[in-house]
Q: 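Below you'll find the structure I mean.
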4 protein chains.
Amino acid sequence: MPRPDRSHERIPQILSAAAKVFACDGVQGARMEDVAKEAGLSKAGVYLYYKNKDALVLALLEQFFAANLEALKLIPIGNRAVDRLCDWIDLVSAAMQHGEHFQTVGFEFLALAGRDDEARKVVLDFYLQYQSAIAKLLIADGTTSNAATQKAQEIVALLEGINLLWMAQSGKMDFASLAKSGVRALLS
Amino acid sequence: MPRPDRSHERIPQILSAAAKVFACDGVQGARMEDVAKEAGLSKAGVYLYYKNKDALVLALLEQFFAANLEALKLIPIGNRAVDRLCDWIDLVSAAMQHGEHFQTVGFEFLALAGRDDEARKVVLDFYLQYQSAIAKLLIADGTTSNAATQKAQEIVALLEGINLLWMAQSGKMDFASLAKSGVRALLS
Amino acid sequence: MPRPDRSHERIPQILSAAAKVFACDGVQGARMEDVAKEAGLSKAGVYLYYKNKDALVLALLEQFFAANLEALKLIPIGNRAVDRLCDWIDLVSAAMQHGEHFQTVGFEFLALAGRDDEARKVVLDFYLQYQSAIAKLLIADGTTSNAATQKAQEIVALLEGINLLWMAQSGKMDFASLAKSGVRALLS
Amino acid sequence: MPRPDRSHERIPQILSAAAKVFACDGVQGARMEDVAKEAGLSKAGVYLYYKNKDALVLALLEQFFAANLEALKLIPIGNRAVDRLCDWIDLVSAAMQHGEHFQTVGFEFLALAGRDDEARKVVLDFYLQYQSAIAKLLIADGTTSNAATQKAQEIVALLEGINLLWMAQSGKMDFASLAKSGVRALLS
DNA sequence: TATGAATGAGTATTCATTCAT
DNA sequence: TATGAATGAATACTCATTCAT
C-alpha cells in the first residue's frame, strides 16, 4: 500500500514558500532550491508537484489573483455606496497589515504581466472583475450603468495607485484614510 | 594621441538598448549579451561604460525616474489648477503613445523597488517630488497647504493607478480621458 | 499465508519492457520509470526483481544472448552443410521480421561490450559458441577441423555483417537471400 | 583588437577529446565536463563551439564516417580485384592497430543509428559508398554490374562482421588474414 | 508483493565577468 | 576604445534509488 496522498498539504506549502522567495528575490531571481528549502522539501520534491518553474510561477500568480478576487466578494452591496466602500477599505487595509510579502509579490506579478501574455490575461481578468464588482455596488445605489462603469474604473485606479504608493513607502503610510477620502472625493 | 571620448554617444545607446531588453525579458532575465547586441556593441564594450550589471540597472533606473521628473517640470503653474493638470495629462498621454517599452520598464523598476532598498529610495523620491509638484499647483490656485498635500497624494495615486490599468490592457485604453475625468472628480 | 510467487510472470514482463525501452532510448538513456511503466508496474516494483539498473541491464543482456544461442541449436546437422545453413538462415530471417526491437537492442549491447568487460565476456562467449556450432556442422560434412574453424569464423562474420547492413537500412533489405548467396560463395 | 580566431585548432581538439570520452563512457554516458577537461578547456569553452551535446555528437559522428570514407579512396582500382582488395585490407588493418578508441566509438555510433534517424542516415550513406567503391573495383576487373553489386554487399558485410568480432575479442584477432581469406573465398 | 512520496547526487546549459590582443 | 575567447559559478531540471505504508 502506497503512502497517503499528500498533495493537499504540499501544494499550499510550496505556494506559500514560493510567495516568500519570490517577494525577496523576484520571480526571476528566485531559485527553485530556495523555494524547496523554504517549503521544507527537496528540490525534486517541488518538481513532483510543479513540472517546472514556469508552472510554479503561473500557479502562484493564479492563486494570488484568486485570493484578491475573494476579497472582492466581501464588498457589501447596499445603498450609500460610499459607506459600503469605506467599510470594505477598512477590511482590506486591516488585512494588508499582515502578509508582508503579499504586496511585494503582487508587484512582481504586475511586472511579469508587462512581458508575459499569459500573466497579463490573469491580471486583466482580475481588474475587470474588480471594476465590475464596484460598478454593481454603484448601480445598486442608483448610479446609471454608464456612469458607474466610469466611476468604478476611477476607483479601482485610485485604490491600486494608493497601494503602489504604500509599497513605495514600505507600508509606512495610512492606506485606509487616504483611500477613503479619495473615494469620497470621487463619489461626491 | 588620445582617441576621442565616445561616452556621450555610447551611454544613451546602451541605456536605450537596456530599456528595450529589460522591458522584454525583465531586469533579472535580461542578458548583458542582448543589451550589447541591441546597442551594437560587444559584451565587453558595455563593460567599458558600466562596471557590472547592477551598475547598468541602477543607471537606467535613475535615468528613467529622472526622465519622469522632467515631465513634472512641464506641469504649468497657474490658476484653475484643474485645467492646468488636464493640459498636462494630455501632454503625458501623447508621450505615452510613443516609447512602448517605457511603461513596461517602469513596472520592472517598481517590482525591483519592492526588494531593493536603493531602488526604493529612487522611486520614493520620485513620488515625493511628483506629489510636491502637484501640491504646489494646487496651492498656487488657492488650496490650503494641508488640503493640497492630501489632494496631491490622491491625484498621484489615481494617475499611477490608471497607468497600471493602461498597461494591463496593453495600452488599449483611453488614458487621457479617464485621467482627466478622475482628476476633475477629485478636485470638484 | 505467503502471497503467491509472481516472479515467473513479472520477470519476462520486465525484461521485455526493458528491451523495448532500451531499443528506443539506448541502454544509458533508458529510464527505470519508463521500463516500469512499459511493464505495467511501479518503479519500486521493478526494484523488487532487480536490485538496480545495472542488474537489469545485465539480465537483459544475458537473456538476449541466451535467446540467440537458442537459435544456434536449430542449426540442423547433416551432410550438405551449405543446404543445412541455408535452411537455418531462412528460419532466422523469418524470426527477424518479428520482434522489431530485437536487432536494435543487440547493437546497444555490442556498444556496451565495447566499454564494459562483463558485457564483453557474454558477447564473446556467444560468438565462440556461434562459431563452434557452425564448425561442427562443417566437420560433420567432411571438412577438416582447421579449415572448419576458419570457415566458421568467416560465416559468422558475414552473417553478423549482413545483420548490421540490415539494421542500417531499417530492415528494408532481403536478409535471407544475401546471406544465402554469401554463404554459398564462402563454401564453394 | 580581439584575440585571433582559434576555432581551427579548438574544433579538432574537442572532437578528439569527445571520441575518447565517448569510447570510454558511451555517447549517452559521456559528460560534457569530461569532454571539456580532456580537451583542456572549460565546459563553457566547449559550448562556444558546439551549442549542445547533440550537436557535438553529430559533429563527431560525421567526422568519424568522413574519416572512414577517406579510407575508401585508398582502394586501388586495377585488374586482379582480389589482390587490390587484399592490399587495401592490409592498409586498413595496419591503421586499426593504432587509434584505440576508433572501433569502440564506431560501435557507439552504430547503436546510436539504431535509435536516431539522423545518425542512421549518415551510417547508411557510408555503407552505400563503401559498397559502391568495391563494386567499381569489381567492375573494373570485368565483373558485370549486377554481380558486382551483390558481391560488393557480401564483401562489405564480411569485413564489417570481422570488425565486430575483432572488437568482441578486444583486438586480439588477426583481422587482416581472416579478411583476406574471406574475400578470396567470396571472389573465387 | 506493491507503490506513491521523497531525495541525493548528478548533468546539461547559461551567463556575468575578465583578459589578451 | 574595442572585442572575441575563455571561464567560474550558478541553476533548472533529472533520475536511480529508498522508504513508509
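Computation of the quantities below employed the complete heavy-atom set of this structure, encompassing side-chain atoms and omitting hydrogens, waters and symmetry-equivalent molecules. Reminder, nothing fancy here: chain letters follow the sequence lines and each chain counts from 1.
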Q: Which one, E/dA16, F/dG8, E/dA12, comes nearest to the side chain of D/Ala44?
A: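 My answer, after comparing the listed nucleotides, is F/dG8.
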Q: Check whether any side-chain heavy atom of C/Leu56 lies under 4.5 Å from a side-chain heavy atom of C/Leu15, and answer yes or no.
A: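 Yes, their side chains come closer than 4.5 Å.
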Q: Rounded off to whole Å, could you give me the CZ-to-C1' distance for the B/Arg31 and E/dT13 pair?
A: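 Taking CZ of B/Arg31 and C1' of E/dT13, I get 12 Å after rounding.
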Q: Heavy-atom nearest nucleotide on DNA chain E for C/Leu41 versus D/Gly29: which residue maps closer to 5'?
A: C/Leu41
Q: To the nearest Å, how far apart are D/Asp25 CG and E/dG10 P?
A: 14 Å
Q: Hey, do the aromatic rings of B/Phe64 and B/Phe102 have their centres closer than 6.0 Å?
A: yes
Q: What is the base-pairing partner of E/dA20, counting Watson-Crick and G-U wobble geometry with both distances under 3.5 Å?
A: F/dT3
Q: Taking C-beta and beyond as the side chain, do C/Val122 and C/Glu118 meet within less than 4.5 Å on heavy atoms?
A: no
Q: Round to a whole Å and report the spacing from CD of A/Glu33 to C1' of E/dT7.
A: 12 Å
Q: If only side-chain N and O atoms of C/Tyr47 are considered, is one of them under 4.0 Å from the OP1 or OP2 phosphate oxygen of E/dA2?
A: no
Q: Write down the distance between CG (B/Asp34) and C1' (E/dC15), rounded to a whole number of angstrom.
A: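 Those two atoms, CG and C1', are 11 Å apart.
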Q: Could you state the NZ-P distance from A/Lys43 to E/dT7, rounded to the nearest angstrom?
A: 12 Å
Q: Under 4.0 Å between any heavy atoms, over every strand shown, what does B/Ala30 touch: base, sugar-phosphate, or nothing? Just pick one.
A: sugar-phosphate
Q: For C/Ser42 and A/Leu48, find the nucleotide of DNA chain E closest to each by heavy atoms; which residue's nucleotide sits nearer the 5' end?
A: C/Ser42
Q: Rounded to whole Å, please give me the gap between CE in A/Met32 and P in E/dA9.
A: 20 Å
Q: Has the side chain of B/Lys20 got a donor or acceptor atom that lies under 3.5 Å from a matching backbone atom of B/Ala39?
A: no
Q: Over how many whole Å does the gap from A/Leu56 atom CG to F/dA12 atom P extend?
A: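 Atom CG in A/Leu56 sits about 11 Å away from atom P in F/dA12.
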Q: Over all strands shown, is A/Tyr50 touching base, sugar-phosphate only, or nothing at heavy-atom distances under 4.0 angstrom?
A: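 Nothing: the residue A/Tyr50, judged by heavy atoms under 4.0 Å, touches no strand.
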Q: How many Å lie between CG on D/Asn52 and C1' on F/dC13, as a whole number?
A: 16 Å
Q: Check whether any side-chain N or O of C/Glu108 sits under 3.5 Å from a backbone N or O of D/Gly114 as a donor-acceptor pair, and report yes or no.
A: no
Q: Report the residue (A/Lys53 or B/Tyr49) whose heavy-atom-nearest nucleotide on DNA chain F is the more 5′ of the two.
A: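 Its nucleotide being nearer the 5' end, the pick is B/Tyr49.
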